[in-house]
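These notes are about the structure you will find just below.
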Amino acid sequence: MKLSFTALASIAITLTVAPVAQAIAPLGFNLGVKDNSGACKTGEEYAADFETLKPYSNHVKVYSVSDCNTLEFIAPAAETAGFNLTLGVWPTPYEKYTLEKQTLQQYLPTISKSTISSVLVGSEALYRGDLTGDVLASYITEVKELLAGIYDKDGKSYAGVPVGTVDSWNILVSGEAYAPINASDIIFANAFSYWQGQTQQNSTFSFFDDIMQALQTVQTIKGSTDINFWVGETGWPTEGSNYGASVPSVENAQTFWKDGVCAMRGWGINTFVFEAFDESWKPETSGSSVEPYWGIFTDDRSLKYSLNCSF
Ligand SMILES: *[C@@H]1O[C@H](CO)[C@@H](O)[C@H](O)[C@H]1NC(C)=O
Ligand SMILES: *[C@@H]1O[C@H](CO)[C@@H](O)[C@H](O)[C@H]1NC(C)=O
Ligand SMILES: *[C@@H]1O[C@H](CO)[C@@H](O)[C@H](O)[C@H]1NC(C)=O
């Protein structure tokens, strides 16, 4: 269903009512787990990342707990820096999913429950067709049960840590995602106006339209407006090839930040941007050269533009 922007706006306003004086919704950063040479990050490198991000957020999201032994190295660094983690569990192939669960069992007992804000099974797994919605839903339920049986360093069960999934907005509004949405405590929607080839002028409209469609679907399936819903990935590249009418540049990224990211948070929707740092180790993919340039910071941790959201 295609709703007008006005209709979507009124839905969002009624559904995300917050006390008037409340600050805008939190910001989080997707964080790569490799350094510029392509090597897995060390605990010291995560600590340096957190030091850079600290003025803007205390929350990062990763895609897998076992890739690069991420959980082993990021968790102690996050605890020391006072950061919160949203952890990804990669669900395919099955051996990988098994390793991800073993990694949770091995390292969650070494840290504090309060460091883990949520666990997301799959990242655009339905978008890629890696598994069916029914299988993903069963994994989400399984990970919830698994967490309930893992105890943190103070003996507290991980039961109750929200478990859900993250996928592209257009997949969330399709029937394939209904079972996983139903099984989830928390849902993250990704939306990239850049990859929709939007003009700079229309990119904010398109972002809001996408996210509001996803939010409305989740609320309808849950039969509730009291849901834990986040933007999981959005952003704008600062260098690399054009895509349709979309043009990478620092100026366009800054405009998308102000008009898209800040405005979405202003509406009360927690937003994770893609991504914290440029990843210069990344190769060109299928004729596009933007992949290394999605960072809010350069690969040597310099801020590319102001993140100030005051209007
Ligand atoms: C992390 O999230 C948990 C649960 O939402 C919260 O209780 C805790 O205060 C957060 N910790 C930090 C460091 O933000
Ligand atoms: C949602 O989950 C509940 C409880 O697990 C189940 O009874 C219900 O059939 C599910 N609904 C859909 C649409 O999958
Ligand atoms: C703007 O974005 C919307 C939503 O994605 C799309 O339907 C519309 O065609 C776009 N308009 C222009 C002028 O590009």
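Residue indices begin at 1 and follow the sequence shown. One-based numbering, in listed order, for ligands and for the atoms of each.
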Query raised in the report: In terms of side-chain geometry, is the basic nitrogen of E51 or R301 positioned less than 4.0 Å from the acidic oxygen of its partner?
Result: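 Salt bridge flag = no for R301 with E51.
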Query raised in the report: Quick one: CZ on F208 to CH2 on W267, what's the gap to the nearest 0.5 Å?
Result: 5.5 Å
Query raised in the report: Should the ring pair F274 and F192 be called parallel, tilted or perpendicular, given that the plane angle runs from 0 to 90° and is split at 30 and 60?
Result: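 The arrangement is perpendicular - the two ring planes meet at more than 60°.
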Query raised in the report: Purely on distance, is any nitrogen or oxygen of Q196 under 3.5 Å from one on ligand 3?
Result: no
Requested in this report: Return the option from T199, T204, N202, D210 holding the heavy atom at the smallest distance from atom 10 (C) of ligand 3.
Outcome: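 Minimum heavy-atom distance to atom 10 (C) of ligand 3 goes to N202.
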Query raised in the report: Has Q198 got any heavy atom lying under 4.0 angstrom from an atom of ligand 3?
Result: yes
**Report entry** Any D209 heavy atom less than 4.0 Å from ligand 3
**Finding:**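 So D209 counts as touching ligand 3.
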Report summary line: Counting from 1 in the order shown, the ligand 3 atoms closer than 4.0 Å to a non-hydrogen atom of F205 are 1 (C), 2 (O), 3 (C), 4 (C)
Report task. May I ask you to check whether S302 and D300 show a side-chain donor-acceptor distance below 3.5 Å? Result ->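 Result is yes, a qualifying pair exists.
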**Report entry** Check: S288 and Y243 side chains under 4.5 Å, non-hydrogen atoms
**Finding:** no
